[in-house]
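Inspection log for the structure reproduced underneath, given as structure tokens.
Atoms considered below: every heavy atom in the structure, side chains included; atoms not considered: hydrogens, waters and symmetry mates. Note that the structure is a prediction, hence the values are computed from the model and not measured. Per chain, numbering begins at 1; letters A, B, ... match sequence-line order.
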2 protein chains.
Amino acid sequence: MTAAIRPVLAYFMALQDKLCDALETMDGEAAFAREELPGPAGGLARPRVLADGPNIEKAAVQFTHGIGDALPPAATERNPELAGRGFQAASISVIVHPRNPFVPTTHMNLRFFLVDGSGSGVREASSTSGRHPMWYFGGGFDLTPCYGFEEDCVHWHQVARQAAGAHYGTFKSACDEYFHLSHRDECRGIGGLFFDDWTQGGFDSSLALVKAIGDAFLPAYRPIFERRVAMPWSERQRQWQLYRRGRYAEFNLAIDRGTRYGLQSGRRVESVLASLPPKAAWRYGYLPEDGSPEAELMTYVKQPRDWLPAVDNSGD
Amino acid sequence: MTAAIRPVLAYFMALQDKLCDALETMDGEAAFAREELPGPAGGLARPRVLADGPNIEKAAVQFTHGIGDALPPAATERNPELAGRGFQAASISVIVHPRNPFVPTTHMNLRFFLVDGSGSGVREASSTSGRHPMWYFGGGFDLTPCYGFEEDCVHWHQVARQAAGAHYGTFKSACDEYFHLSHRDECRGIGGLFFDDWTQGGFDSSLALVKAIGDAFLPAYRPIFERRVAMPWSERQRQWQLYRRGRYAEFNLAIDRGTRYGLQSGRRVESVLASLPPKAAWRYGYLPEDGSPEAELMTYVKQPRDWLPAVDNSGD
């Protein structure tokens with residue numbers, strides 16, 4: 001039950017390796033550029049980006065272990081009493097921008113914060129019972145299709161529900177709420193899981209949940225990827241994909257807390273913005289034609305939807 | 001010396017007409033889509049966007065006259081005592097994204113705020129001597145080339161200096177400071193003029209300065225446009241343009257106060273985001289080759305530069 005950074009780092013780094021291998025296989029040709037960048041006070045970043053593959057236009061799978069003197073404002077927005085404390089932060093961040101417009105974009109993030117009680121130099125902490133030291137997990141995964149395939153959304157959420165268990169409903173709602181473009185009153189995609197400030201059940205139980213979610217990412221995404229990747233697509237569908245990616249850029253640059261935290265904390269800008277689409281487009285006042293597949297996608301993202309039949313709802 | 005919205009509206013609307021006509025001529029083919037959208041309490045928006053022309057990939061020239069109950073937070077960041085007051089706001093906003101990578105992107109904004117003393121329903125105000133009612137002007141113009149042509153930058157700043165007169169130095173520095181991507185430690189472009197909360201010399205004198213700047217936009221931009229628009233360009237130059245436009249999107253979505261104000265105040269999102277480039281690209285870890293024209297452009301934007309020879313510096 002002792003919160004410790006070591007098993008978290010080990011899991012995140014192993015998951016990074018596994019996901020990079022899988023994505024290289026799924027692309028079939030391109031390889032991740034891999035770097036190891038030592039950070040201050042013994043931290044480490046392993047940014048890995050794959051670009052211009054035949055199937056994957058851009059993927060970033062990044063591991064970071066940061067050790068810092070003082071939490072930046074964006075990280076303490078919802079926990080103001082933590083402002084200024086020293087910390088360790090570990091995260092793995094995944095984004096896949098496929099080339100084929102029928103293959104959805106996906107994103108996963110898992111992160112662990114360990115906050116110092118004294119202001120600097122923390123290494124490990126042992127409970128959440130006092131106000132400090134403390135720790136928490138956050139993360140989740142979500143899917144952003146350009147075209148609506150109901151079976152993909154159902155599969156995605158089935159795997160998500162399996163991974164999150166009893167927390168699925170809460171995490172699903174939190175995901176819908178977080179990935180929301182308030183200025184457009186649109187969802188970024190069709191959701192998935194999102195959790196933050198997570199300590200429930202203690203460290204071991206929380207880490208087990210995080211591992212279950214991390215391990216579920218490939219089973220959730222890969223079947224969808226493989227089902228769609230060979231579908232022929234046209235210039236019209238490419239243009240729609242670029243237009244939808246504009247929304248992705250809007251969310252990441254104007255709204256996303258992780259991006260703001262990354263930019264505020266002076267993290268390597270190319271790593272923070274590796275999530276941005278390789279290409280994006282904006283078209284003034286554009287509305288897809290009524291009854292078109294593009295208009296149908298908008299019904300998928302206009303408001304959150306329950307993708308799974310209710311469970312345990314029948315009385316007999 | 002009485003501050004009044006009427007002459008401001010008249011100037012902004014006439015300027016909008018003039019600029020739309022000129023840009024249509026400069027493009028040679030495409031026309032602005034023109035709308036008139038009545039706003040609450042007698043306000044009016046005239047969004048105008050030209051798209052997909054042979055020479056201009058996208059241009060937005062927008063006039064807005066808004067009448068509101070309460071200033072939004074982004075508008076009162078630097079004047080917190082104004083929070084919650086009723087207001088009238090008039091603005092003209094111009095953005096040109098040319099197709100040819102050798103023609104720079106440009107932006108102009110002129111705006112007028114008239115703040116109510118009582119909380120709602122203000123029509124006109126007469127002085128800045130008390131804390132309320134009050135008014136101020138803001139705005140400026142700036143240039144964002146993808147390739148560095150020193151003569152273009154010198155011309156741009158010569159016209160800017162002529163328009164701003166004694167205020168050129170102050171406005172030029174403010175422009176460099178405002179259009180700065182802190183997360184990249186880069187300027188958005190090569191600057192121009194920027195001013196805000198402007199009341200100096202009273203209303204008539206301020207309006208005259210605003211008019212001088214608005215009238216200078218075409219003499220500043222058009223000769224550069226015409227000098228570059230027929231230059232042949234290649235796919236490499238197009239890709240660089242898209243990449244540089246990524247920086248533009250980063251600035252507008254993550255940093256720009258005007259965009260944040262627009263999104264916060266619930267303004268029509270297509271108008272607020274009409275400044276975004278029609279297409280943009282991001283390339284992870286990209287650095288232009290040493291000695292290339294792309295690398296040279298980076299020396300133009302890495303830090304602010306004085307583009308004009310010093311004036312009145314010789315003692316004899």
Side-chain angles (χ1 to χ4, degrees), chain A residues 32-35 37 47-52 57-62 95 97 181-186 238-239 242-243 245-256 259-287, chain B residues 32-35 37 47-52 57-62 95 97 181-186 238-239 242-243 245-256 259-287:
Chain A
F32 279 90
R34 295 166 191 237
E35 287 181 276
L37 308 172
R48 294 184 184 170
V49 175
L50 176 157
D52 294 323
E57 204 172 325
K58 182 184 188 182
V61 181
Q62 311 195 83
I95 180 96
H97 290 289
L181 284 77
S182 51
H183 58 285
R184 303 229 182 230
D185 195 16
E186 274 175 32
R238 171 66 171 175
Q239 291 306 319
L242 297 182
Y243 177 79
R245 284 181 182 170
R247 298 287 208 278
Y248 216 89
E250 285 176 26
F251 182 85
N252 287 17
L253 288 169
I255 299 175
D256 185 52
T259 305
R260 283 166 54 215
Y261 161 76
L263 296 178
Q264 278 186 26
S265 63
R267 273 187 59 208
R268 186 167 169 268
V269 64
E270 286 295 316
S271 297
V272 176
L273 298 182
S275 65
L276 290 171
K279 287 195 162 63
W282 283 269
R283 288 163 73 177
Y284 173 76
Y286 175 64
L287 279 180
Chain B
F32 279 90
R34 294 165 192 238
E35 288 180 275
L37 308 173
R48 294 185 184 171
V49 174
L50 177 157
D52 294 322
E57 205 172 325
K58 182 183 189 183
V61 181
Q62 310 194 85
I95 180 95
H97 291 288
L181 284 77
S182 51
H183 58 285
R184 303 231 182 230
D185 196 18
E186 275 175 33
R238 172 66 171 172
Q239 290 306 321
L242 296 182
Y243 177 80
R245 284 181 181 170
R247 297 288 208 277
Y248 216 87
E250 286 176 27
F251 182 85
N252 287 18
L253 288 169
I255 298 174
D256 184 52
T259 305
R260 283 166 54 214
Y261 162 76
L263 296 178
Q264 278 184 27
S265 63
R267 273 186 59 208
R268 184 168 171 269
V269 64
E270 286 296 316
S271 296
V272 176
L273 298 183
S275 64
L276 290 172
K279 286 195 163 60
W282 283 270
R283 288 164 73 177
Y284 174 76
Y286 175 65
L287 279 179

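- Using a cut-off of 4.0 Å between Lys/Arg side-chain N and Asp/Glu carboxylate O, E270(B) and R283(A) are scored as not salt-bridged.
- Contacts of E57(A) with chain B are absent, with no heavy-atom separation under 4.5 Å from either backbone or side chain.
- The most heavy-atom pairs under 4.5 Å with chain B, out of N252(A), L273(A), L242(A), come from L273(A).
- Contacts between A51(A) and chain B at a heavy-atom distance below 4.5 Å are absent for every atom of the residue.
- Heavy-atom pairs under 4.5 Å with chain B peak, among V269(A), I255(A), D52(A), at V269(A).
- In this structure, R48(A) CZ and Y284(B) OH are separated by 11.0 Å, a value rounded to the nearest 0.5 Å.
- Among A280(A), P277(A), S271(A), A281(A), the residue making the largest number of heavy-atom pairs under 4.5 Å with chain B is A280(A).
- By the 4.5 Å heavy-atom criterion applied to side chains, K279(B) and W282(A) are not counted as neighbours.
- How far OG1 of T259(A) is from CG of L253(B): 11.5 Å, rounded to the nearest 0.5 Å.
- Heavy-atom distances place the side chain of R268(A), and not its backbone, under 4.5 Å from chain B.
- Most heavy-atom pairs under 4.5 Å with chain B: of the set P278(A), G285(A), P47(A), this distinction falls to P278(A).
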